[in-house]
Each structure stands twice: as C-alpha cells, then as structure tokens.
Amino acid sequence: MIEVFKTDVQEMKESNSIMHTLLTFFPHYKKNFDLDDCDRILRVDAPMVCIEKIISLLQSHGYQCEVLD
C-alpha cells in the first residue's frame with residue numbers, strides 16, 4: 001500500500017529530521033520526500049500505513065500534512 005501526503009516541508013534539512021522521527025516509529029516503512037513537487041509530497045509504502053499517526057507526527061513538528069487524493 002502506498003500513501004501519498006501533501007506537506008508544507010520546504011527544505012531537505014527539515015525532511016531529514018522528519019524522516020528520522022518516522023524511522024523511530026515506523027522502521028519498516030519505505031518513505032521518501034519529493035520536495036521538488038508543488039505539494040511537497042511524502043510517500044509512504046508499507047503493508048498497512050498508519051495515516052493518522054503520520055499526520056499527527058508531522059503536525060507535532062509544526063508541519064501541515066494531509067492525504068493527497
């Protein structure tokens with residue numbers, strides 16, 4: 001299952017920090033940012049993606065995050 005999230009993460013330094021946090025909570029998820037995309041996409045690939053937790057983690061770091069339809 002691949003989930004795509006729209007974020008407001010702007011810089012690689014920010015995305016690296018978020019990736020470290022996501023790695024702590026979801027070590028087996030495949031994840032990456034596409035900061036060149038206009039929606040600053042975060043892609044997450046896992047058998048079952050915990051959407052609410054990912055959104056909550058980004059929001060707790062001060063970033064907007066929502067599932068991209």
Please output the side-chain donor-acceptor pairs of residues 61-69 that fall under 3.5 Å, not counting sequence neighbours, one pair per line with the distance.
| from | atom 1 | to | atom 2 | distance (Å) |
| --- | --- | --- | --- | --- |
| His61 | ND1 | Leu57 | O | 2.9 |
| Tyr63 | OH | Glu14 | OE2 | 3.4 |

message: If hydrophobic clusters are built by linking Ile, Leu, Val, Met, Phe, Trp and Tyr wherever their side-chain heavy atoms come under 4.5 Å apart, do Ile55 and Leu58 end up in the same one?
response: yes
- prompt: Are Val4 and Ile18 connected, step by step, through hydrophobic side chains (Ile, Leu, Val, Met, Phe, Trp, Tyr) whose heavy atoms are closer than 4.5 Å?
  reply: no
field: For the student: nearest non-hydrogen atoms of Arg43 and Ile41, plus distance
entry: CG-CG2, 3.7 Å
- prompt: Counting N and O atoms only, with roles assigned by atom type, does the side chain of Ser56 sit under 3.5 Å from a partner on the main chain of Lys53, one being a donor and the other an acceptor?
  reply: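 Answer holds: no.
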field: Polar side-chain atom of Glu3 near backbone of Met1 as donor-acceptor pair, under 3.5 Å
entry: no
query: Could you give the distance from CG (Leu42) to OG1 (Thr7), rounded to the nearest 0.5 Å?
result: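 Result: 6.5 Å between the selected atoms.
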For residues 21-38, which side-chain N or O atoms pair as donor and acceptor with protein atoms under 3.5 Å away, sequence neighbours left out?
| from | atom 1 | to | atom 2 | distance (Å) |
| --- | --- | --- | --- | --- |
| Thr21 | OG1 | Ser17 | O | 3.3 |
| Thr24 | OG1 | His20 | O | 3.1 |
| Tyr29 | OH | Met48 | O | 2.9 |
| Tyr29 | OH | Cys50 | N | 3.2 |
| Lys31 | NZ | Phe26 | O | 3.3 |
| Lys31 | NZ | Tyr29 | O | 2.7 |
| Asp34 | OD1 | Asp36 | N | 3.2 |
| Asp34 | OD1 | Asp37 | N | 3.3 |
| Asp37 | OD1 | Asp39 | N | 2.7 |

message: If you define the side chain from C-beta out and look only at heavy atoms, does anything of Lys6 sit under 4.5 Å from Arg40?
response: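 No. Closest side-chain heavy atoms not under 4.5 Å.
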